[in-house]
A.B. asks: 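Let me begin by handing over the structure; questions about it come next.
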Amino acid sequence: MSNFVYNNQPGILQIVEIIVSLLVLVCIGASQASVSGFSAMGGFGTFSLDSSYIPFEGTELKEARELDMQYSQMRAPCVYGGVAFSLTLMALTLLFLVAGGKPIHRLSVRLLVAECIFDVLACLGYIVAVGLYLHFVMQINSTDVCKRRERVYARRGYTWMNCDVQGGDAAVALFGLVAACLYFPSAVVCILSIRSVRDFKREVAKTQYNLERNYREEELPTVYKNPESGQSAKTFATLV
């Protein structure tokens, strides 16, 4: 029963970690789409969110599109970096989940050690990544491009298109910290699993050693001496 617990606790945590990483990806995409304005494809075109109801005309429309494009391109490193980071950790977590789904006697200690190191690095990596993400977002929001863009949209009543940290960016940071909090207990459980596997293999090796020793002892020839036959031999020697 203890083997079942040790094998399944890391798996449950890893499944939740994958789900949270997927939520981070969704929030990154939603955040970028919500602040892209009329360049909703993230800088790859001039696709309008609602081309039937464009509030801008003439030079104002051109200015809004240019500012949207510049703003989206400034945010692109944050978006691509966040997507690449989350996808990498999600793929590695899935890899360890598949590799670790074995009975305890088939688990490799080296694999568990590698998983433990990965969990610690993933926990620290998510904390650092969240800090960098918010730092660059606030740095971009403090630029002249963002301020000009905010004024253009405010003239048409779109006050939500401002230079504050948007809800999508806050959600990215929140789920990133949740992921970091999940990887920490996963590392602790992994350490316990390493101890469990080592104890199990030590007991198996000890049992095998005892069995082999008993087998060798049974194979050794045993000489049984009869006291009466020995005494008769001595008497016969005396008579001769």
A.B. asks: Is it the case that one hydrophobic cluster holds both Leu124 and Ile117, taking links as side-chain heavy atoms less than 4.5 Å apart, direct or via other members?
C.D. replies: no
A.B. asks: Please go through Phe184's hydrophobic cluster and name the other residues, only I, L, V, M, F, W, Y counting, with side-chain heavy atoms under 4.5 Å joining them.
C.D. replies: Val188
A.B. asks: Can you name the salt bridge (charged side-chain N to carboxylate O under 4.0 Å, His left out) partners of Arg195, sequence neighbours left out?
C.D. replies: none
A.B. asks: Tell me whether Ile191 shares a hydrophobic cluster with Val113, the cluster being built from Ile, Leu, Val, Met, Phe, Trp, Tyr side chains joined at under 4.5 Å.
C.D. replies: no
A.B. asks: Backbone N or O of Ala30 within a donor-acceptor pair of the Ser34 side chain at under 3.5 Å?
C.D. replies: yes
A.B. asks: Under 3.5 Å, sequence neighbours excluded: what are the donor-acceptor pairs made by side chains of residues 81-96?
C.D. replies:
unit_1: Ser86; atom_1: OG; unit_2: Gly82; atom_2: O; d: 3.0
unit_1: Thr88; atom_1: OG1; unit_2: Ala84; atom_2: O; d: 2.7
unit_1: Thr93; atom_1: OG1; unit_2: Leu89; atom_2: O; d: 2.6
unit_1: Thr93; atom_1: OG1; unit_2: Tyr183; atom_2: OH; d: 2.6

A.B. asks: Nearest 0.5 Å please: distance from the CG atom of Leu174 over to the CG atom of Leu23.
C.D. replies: 10.0 Å
A.B. asks: Quick one: pull up CD1 in Ile194 and CZ in Arg110 and give me the separation to the nearest 0.5 Å.
C.D. replies: 13.0 Å
A.B. asks: Any side-chain hydrogen bond (donor to acceptor under 3.5 Å, both in side chains) involving residues 161-179? Give me the pairs, sequence neighbours left out, ordered by first then second residue.
C.D. replies: Ser31-Asp169, Arg75-Asp169, Tyr133-Asp169, Asn162-Gln166
A.B. asks: Are side-chain heavy atoms of Ile18 and Leu22 found at a separation under 4.5 Å?
C.D. replies: no
A.B. asks: Is there a path of hydrophobic side-chain contacts, each under 4.5 Å between heavy atoms, that joins Val16 and Val172?
C.D. replies: yes
A.B. asks: My understanding is that only residues two or more places apart in sequence, or in another chain, count here; which of them pass side-chain contact (heavy atoms from CB on, under 4.5 Å) with Leu132?
C.D. replies: Val128, Phe136
A.B. asks: Could you pull out the closest heavy-atom pair between Val137 and Cys78, with the gap in Å?
C.D. replies: N-SG, 4.5 Å
A.B. asks: Let's go through Lys62 and Arg65 carefully: what are the C-alpha distance in whole Å and the side-chain angles of both, what is the deciding distance for side chain to side chain contact (heavy atoms under 4.5 Å, CB included) to 0.1 Å, and is it a yes or a no?
C.D. replies: CA-CA 5 Å; Lys62 182 179 180 181; Arg65 287 186 182 276; 5.9 Å; no
A.B. asks: Run through the side-chain heavy atoms of Ile, Leu, Val, Met, Phe, Trp and Tyr, join any pair under 4.5 Å, and report what else lands in Val26's cluster.
C.D. replies: none
A.B. asks: What I'd like to find out is whether the side chain of Met161 reaches to under 4.5 Å of the side chain of Glu150, using heavy atoms alone.
C.D. replies: no
A.B. asks: On a heavy-atom basis, which atom in Ala187 and which in Val120 lie closest, and how many Å separate them?
C.D. replies: CB-CG2, 3.9 Å
A.B. asks: Starting from the C-alpha separation in whole Å, work towards a yes-or-no answer on side chain to side chain contact (heavy atoms under 4.5 Å, CB included) for Gln14 and Glu115.
C.D. replies: CA-CA 11 Å; Gln14 287 167 342; Glu115 181 181 347; 2.5 Å; yes
A.B. asks: Would you say that Tyr126 contacts Ser21 through its side chain, given a criterion of any heavy-atom pair below 4.5 Å between the two side chains?
C.D. replies: yes
A.B. asks: Spell out, yes or no, whether Leu25 and Leu97 are grouped together once hydrophobic residues are joined by side-chain heavy atoms under 4.5 Å, including indirect joins.
C.D. replies: yes
A.B. asks: Not counting sequence neighbours, which residues clear ring pair (Phe, Tyr, Trp, His ring centres under 6.0 Å) with Tyr71? List them please.
C.D. replies: none
A.B. asks: Does Leu177 have any side-chain contact (heavy atoms from CB on, under 4.5 Å) partners at least two apart in sequence or in another chain, and if so, which?
C.D. replies: Val130
A.B. asks: Any pair with a residue in residues 78-95 that passes salt bridge (charged side-chain N to carboxylate O under 4.0 Å, His left out), sequence neighbours left out, goes on the list, sorted by first then second residue, please.
C.D. replies: none
A.B. asks: Any pair with a residue in residues 106-177 that passes disulfide (SG to SG under 2.5 Å), sequence neighbours left out, goes on the list, sorted by first then second residue, please.
C.D. replies: Cys146-Cys163
A.B. asks: What is the minimum heavy-atom distance between Val79 and Gln32, and which atoms define it?
C.D. replies: CG2-OE1, 3.3 Å
A.B. asks: Which atom names give the shortest non-hydrogen contact between Asp119 and Cys190, and what distance separates them?
C.D. replies: OD2-CB, 4.2 Å
A.B. asks: List the atom of Ile140, the atom of Met74, and the distance in Å for their closest heavy-atom pair.
C.D. replies: CD1-O, 3.1 Å
A.B. asks: Looking at residues at least two apart in the chain, or sitting in another chain, which of them share a side-chain contact (heavy atoms from CB on, under 4.5 Å) with Arg148?
C.D. replies: Glu63, Leu67, Asp144, Arg151
A.B. asks: Check which hydrophobic residues are tied to Ile127 through side-chain heavy-atom contacts below 4.5 Å, counting indirect links as well, and list them.
C.D. replies: none
